[in-house]
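Comments concern the structure below.
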Amino acid sequence: MRQGLTWFNIASLLLGFLFLYLPIALLIIYSFNESRLVTVWAGFSTKWYAEMLQNQGLLNAGWVTLKVAFTSSCFATVLGTMAGLIMSRFGSFHGRTLFSGMIYAPLVMPEVITGLSLLLMFVAVALDRGFVTVTLAHITFSMCYVAVVVQSRLAGFDRSIEEAAMDLGCPPGRTFFQITLPIIAPAVVAGWLLSFTLSLDDLVIASFTTGPGATTLPMKIYSQVRLGVTPEINAVCTILVGLVATGVLTASLITRRQEMRREAEERQAIANS
Amino acid sequence: MSGAGTASNQARSGSSAARQRWAPWEDPNEKPHVRIVGVTKRFGDFVAVDNVSLDIYKREFFSLLGPSGCGKTTLLRMLAGFETPSEGQILLEGEDMSGVPPYERPVNMMFQSYALFPHMSVEKNIAFGLKQDRVPKAEIDRRVAEVIEMVQLGQFAKRKPHQLSGGQKQRVALARSLVKKPKMLLLDEPLGALDKNLRTQTQFELMNIQEETGITFVIVTHDQEEAMTVSSRIAVMDHGRIVQVSTPGELYEAPLTRYVADFIGEVNILEGRGAQREGDHLVLQCPDAGCAIQTGPYAEDGGDESLWIALRPEKVRISKEPPADSSRNCMTGEVWDIGYLGNLSTYHVKLDSGKMITATQANMARLIERPITWEDRVYLTWAPDAAVVLRD
Amino acid sequence: MSSSPPPAAPATAPQAAVESPEVARQGTQKLLKYLVIAVPYLWLLAFFLAPFLIVLKISLVEVRVAMPPYSELITFVEDGWIAFHGSLENYLWLWDDPLYINSYLSSLKIAATSTVLTLLVGYPIAYGMARAPRRWRFALLMLVILPFWTSFLIRVYAWIGILKKEGLLNLALTHLGLISEPLTILNTDIAVYIGIVYSYLPFMVLPLYANLEKMDLSLLEAAADLGCRPIKAFWVVTVPLSMTGIVAGCFLVFIPAVGEFVIPDLLGGSETLMIGKTLWTEFFNNRDWPVSSAVAVILLLVLIIPIVLFQRQQQRSAEAEA
Ligand SMILES: Nc1ncnc2c1ncn2[C@@H]1O[C@H](COP(=O)(O)OP(=O)(O)OP(=O)(O)O)[C@@H](O)[C@H]1O
Ligand SMILES: [Mg+2]
């Protein structure tokens with residue numbers, strides 16, 4: 001069997017990626033449409049972007065979303081890193097099974113259930129719904145994602161590196177900050193980015209747990225989408241897609257570049273010896 | 001390297017004769033550096049290390065030798081403090097080490113995978129241990145430079161681990177564990193990842209460094225040749241137990257059990273019965289060999305049960321002429337197979353009883369002139385000392 | 001053999017004095033360890049387990065016009081007695097009203113169908129990626145992952161403009177002369193299938209790709225050498241070997257699809273029943289918290305079987321690799 005591509009492989013890749021990217025491409029293109037009608041191309045224009053910037057409700061929602069995403073992803077990264085560390089490095093302790101259950105369950109739990117249960121709890125403890133409650137909810141499910149990312153990174157690196165540090169006189173706490181954390185830093189950063197985008201994206205859980213004055217951007221988009229497709233929403237979506245795509249591409253290209261340089265250096269070292 | 005000033009060390013370095021005489025384990029007045037007393041380690045139901053007792057003396061180059069999974073790493077990790085013994089005690093210079101965490105033990109370990117910190121340069125890796133002890137900056141610099149010199153890594157000091165080859169990484173790992181001048185250095189298969197040539201070269205460097213620094217080395221290996229080359233003494237392990245602790249020579253010449261005889265080098269094993277004492281040795285009847293066997297010196301009486309005898313192939317003489325006395329220490333058979341190894345030839349001889357015996361001969365003459373060939377009828381003889389009685 | 005006499009008892013008075021700060025330090029280390037465990041543990045207990053227990057509780061009480069809009073499960077009556085007011089009425093209600101049972105069944109059906117469709121779309125893509133030249137693979141992988149990072153809501157929204165009656169798909173098909181009347185796709189189950197396949201495609205492709213990429217290509221050569229044609233070799237060698245990837249991908253699509261809300265709500269019609277949507281309506285429109293809670297409890301019970309199966313399968317394949 002040849003390693004190369006057959007026409008069938010090429011066709012399935014082309015069609016597959018067309019399917020994945022065409023809808024988003026169309027959405028972006030039509031955000032620059034002059035006409036309000038989505039299906040009629042009436043010439044290039046950026047007027048919907050200008051209009052979007054006039055829409056105070058949309059801007060407020062965007063600001064709330066950014067604040068929630070930033071706060072929750074920072075907390076989630078700290079808590080999730082701790083959880084990942086516990087699962088892969090702390091051996092067995094009482095209630096470990098329950099703990100790992102609580103880490104994995106939110107990943108597969110339908111969002112409607114997570115949202116509903118958090119809301120009912122906030123009502124039960126009479127916590128006013130708003131910025132704080134959305135943030136708490138987002139921390140809770142994001143930290144589980146961070147924990148899984150960090151845990152898989154920890155599982156992949158040689159534990160004897162940490163043992164070597166302790167062997168050389170470094171107590172466990174310091175070992176974490178001087179050795180473990182620098183090595184797992186890429187996973188921690190990836191975990192933060194993941195939390196940030198999850199929070200940015202969330203509609204269902206936010207709808208349950210938020211209150212007056214803390215409407216998030218997805219909620220705003222959702223309520224307008226129900227009324228029909230508008231070029232203005234296309235413009236907002238384009239900006240969001242652009243931001244995320246740039247961020248993810250840059251991050252992955254940087255790590256890729258580093259990896260390649262590292263590989264080249266490794267080859268060099270072996271060749272030189 | 002400084003710190004090599006004591007009398008016993010001076011006596012040791014110098015001539016190899018002096019080195020051979022250096023045997024603190026035979027001196028009842030010498031205090032062991034490390035005592036392992038009845039140590040057992042269980043993982044669940046599985047016994048990884050089984051009631052091991054061992055004394056290791058200062059400045060020894062001590063090897064743990066055994067097949068994969070026999071508990072060598074586990075024993076070493078208990079010495080380093082990463083595992084706690086399920087039973088028994090480990091004493092370092094008379095002090096009980098139980099409850100002392102790895103970061104407070106005056107013992108350093110060199111890991112099988114090297115475990116270099118990937119985000120630190122060679123220098124930083126080596127300095128790490130000294131920084132933990134809050135050694136003044138100037139002294140850190142001096143000591144790091146000193147060990148870098150010793151392991152010849154000068155031009156690589158600023159590199160990161162991934163920019164080094166396997167052999168260089170191995171040196172960094174060694175330097176990093178040496179720089180704290182531990183009371184004992186534990187090495188887990190330090191040469192396992194190196195190719196054959198580099199291995200032999202590094203073995204001698206390790207011996208030199210050990211001698212220069214005077215640190216007690218405990219090394220794990222499953223390469224018997226390596227253990228024979230570097231060690232002052234070797235402990236052979238099997239299924240978590242220690243089977244024999246001896247100097248390399250003793251281990252080869254006087255193995256205690258069939259397991260050890262078989263593990264170290266090649267050996268012919270014969271079964272003998274009806275032991276009769278004659279002076280300091282025994283005479284056994286051996287139906288397999290078809291003759292009586294006079295053994296080397298052996299203190300115990302055999303009794304009625306069968307005994308095992310080890311006979312190294314290179315101690316067996318092979319000849320087409322019958323010896324003067326063929327009733328004792330003389331087997332006859334037919335050459336079944338010949339292996340030519342260049343310097344040596346290995347003869348597989350099938351005895352009349354059907355048993356196969358291996359004999360090796362140095363190739364003095366050229367190949368074509370080889371006097372013995374396939375299907376020749378030959379006589380195998382050996383000096384009485386060569387037949388070693390085994391315990392089981 | 002070194003036979004060592006038992007050591008002299010080392011516990012002398014001065015040593016004990018030396019040991020005490022050491023014991024204290026180890027105490028601090030232990031405390032630190034439990035502190036690190038306690039923080040995320042308590043957080044999850046408070047914000048994951050406790051809320052769930054509250055859902056369970058509220059599913060047992062009845063709706064009331066008040067804030068909060070449900071009755072008490074336990075009340076304190078005089079003399080320190082407590083009264084328990086729970087009942088399974090809400091669950092019986094779910095059983096009696098066909099809406100709920102139909103929603104559950106229809107969710108399972110839609111999720112299963114779209115899982116199969118996602119597999120059919122995803123397998124050729126993953127296969128093509130795994131056989132692509134090594135230097136392309138990173139780029140292809142990025143192309144699959146990138147949509148996963150962009151907003152779910154936006155990706156679903158993008159399809160509305162395409163699928164609606166006067167949308168881009170109908171426009172294109174009419175222009176090409178393939179149809180004379182515009183098709184009704186939006187607000188039907190078909191639109192929901194498209195939405196799920198589109199949104200969850202990366203979840204299918206990634207495990208499949210990871211699996212196919214590891215496959216030893218010499219196995220196919222061996223099959224060809226033994227007289228097996230390429231198409232047959234695909235079915236008897238490649239597919240069975242990628243089974244763990246197929247199973248993982250299917251679970252990763254099926255499980256979240258069952259509880260999906262956004263896709264059926266935006267792309268589906270009024271007759272598209274999915275349990276996530278039913279729960280949402282029950283909660284936000286009917287304001288019946290106890291019944292919503294009962295729906296949630298049952299949904300979780302429905303999902304537990306595939307989740308446990310998935311967990312088992314993951315564990316097995318992790319063990320097989322180790
Ligand atoms: N943490 C552990 N839990 C359970 N079993 C273990 C653990 N560590 C080691 N073992 C078991 O103990 C036995 C001895 O292991 P050890 O690593 O000491 O062997 P070894 O002699 O070093 O072998 P090798 O030469 O392959 O390195 C093995 O059978 C291993 O499976
Ligand atoms: Mg080992």
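From a predicted model like this one, the values you see are computed outputs, not experimental measurements. Chain letters run A, B, ... following the sequence lines, proteins first and then strands; every chain starts at 1.
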task: Tell me, for I37(C) versus chain A, whether the close heavy atoms (under 4.5 Å) come from the side chain, the backbone, both or neither.
output: both
message: If the condition is ring-ring contact (aromatic ring centres under 6.0 Å, His included), which residues does F251(C) pass it with, not counting sequence neighbours?
response: F310(C)
query: Using non-hydrogen atoms only, which part of S293(C) is less than 4.5 Å away from chain A: side chain, backbone, both, or neither?
result: both
task: Below 4.5 Å from any heavy atom of chain C, which atoms of T114(A) appear? Answer side chain, backbone, both or neither.
output: neither
query: Quick one: are P218(A) and F152(C) in side-chain contact, heavy atoms under 4.5 Å?
result: no
message: Need one label for V204(A): side chain, backbone, both or neither, based on atoms under 4.5 Å from any heavy atom in chain C.
response: both
message: With a 4.5 angstrom heavy-atom cut-off, is it the side chain or the backbone of L193(A) that approaches chain C, or both, or neither?
response: both
S117(A) OG to I58(C) CD1 distance, which is reported to the nearest 0.5 Å: 10.0 Å
task: Give, for atom CD1 of I125(C) and atom CG of L13(A), the distance between the pair rounded to the nearest 0.5 Å.
output: 7.5 Å
message: I need the residue from D201(A), I221(A), V236(A) with the largest number of non-hydrogen atom pairs under 4.5 Å to chain C.
response: D201(A)
- request: Give the ring-plane orientation class for W280(C) versus Y222(A), where under 30° counts as parallel, over 60° as perpendicular and anything between as tilted.
  value: perpendicular
query: What part of L56(C) lies closer than 4.5 angstrom to a heavy atom of chain A: side chain, backbone, both or neither?
result: neither
- line: Turns out that what part of L44(C) lies under 4.5 Å from chain A's heavy atoms comes down to both
field: Side chain, backbone, both or neither of Q311(C) within contact of chain A (heavy atoms, under 4.5 Å)
entry: side chain
Structural part of A46(C) lying under 4.5 Å from a heavy atom of chain A: backbone
query: What option among V55(C), V36(C), L279(C) has the most heavy-atom pairs under 4.5 Å with chain A?
result: V36(C)
field: Under 4.5 Å from a heavy atom of chain A, the part of F261(C) involved
entry: side chain
Backbone of G95(A) reached by a side-chain donor or acceptor of Y41(C) within 3.5 Å: yes
- prompt: Between M109(A) and L300(C), is any pair of side-chain heavy atoms under 4.5 Å apart?
  reply: yes
- prompt: Quick one: CZ on F48(C) to CD1 on I103(A), what's the gap to the nearest 0.5 Å?
  reply: 10.0 Å
message: Checking T238(C) now: which residues fulfil side chain to side chain donor-acceptor pair (under 3.5 Å) with it, not counting sequence neighbours?
response: none
message: Less than 4.5 Å to any heavy atom of chain A: does that hold for the side chain of W149(C), its backbone, both, or neither?
response: both
field: Spacing of OH belonging to Y21(A) relative to CG belonging to L143(C), to within rounding of 0.5 Å
entry: 4.5 Å
field: Engaged part of P147(C) at the chain A interface, taking heavy atoms whose separation is under 4.5 Å
entry: both
query: Contact part of L119(A) toward chain C, heavy-atom cut-off under 4.5 Å: side chain, backbone, both or neither?
result: side chain
message: At under 4.5 Å between heavy atoms, what parts of residues 132-140 of chain A are in contact with chain C? List them by residue number.
response: L136(A), I139(A), T140(A)
Which atoms of L45(C) approach chain A - backbone, side chain, both or neither, heavy atom under 4.5 Å: both
- request: Check whether I86(A) gets within reach of chain C through its side chain, its backbone, both or neither, counting any heavy atom under 4.5 Å.
  value: side chain
query: Would a line drawn from the ring center of F208(A) to the ring center of F283(C) be shorter than 6.0 Å?
result: yes
task: Spell out, as yes or no, whether a donor-acceptor pair under 3.5 Å connects the side chain of Y198(C) to the backbone of L20(A).
output: yes
field: chain A contacts, top residue of Y123(C), W289(C), F47(C) (heavy-atom pairs, under 4.5 Å)
entry: F47(C)
message: Counting only non-hydrogen atoms closer than 4.5 Å, does V144(C) touch chain A with its backbone (N, CA, C, O), its side chain (CB onward), both, or neither?
response: both
- request: Using non-hydrogen atoms and a 4.5 Å limit, figure out which bit of V262(C) sits close to chain A: side chain, backbone, both or neither.
  value: side chain
task: Can you measure from CD1 (I154(C)) to CD1 (I233(A)) and round to the nearest 0.5 angstrom?
output: 9.5 Å
Side chain to side chain donor-acceptor pair (under 3.5 Å) partners of D128(A), counting only residues at least two apart: none
message: Within this structure, what is the OH-CZ distance for the pair Y34(C) and F93(A), rounded to the nearest 0.5 Å?
response: 9.5 Å
message: What part of D265(C) gets within 4.5 angstrom of chain A, counting heavy atoms only: side chain, backbone, both, or neither?
response: side chain
query: By a 4.5 Å heavy-atom criterion (distance strictly below it), what part of L153(C) contacts chain A: side chain, backbone, both, or neither?
result: both
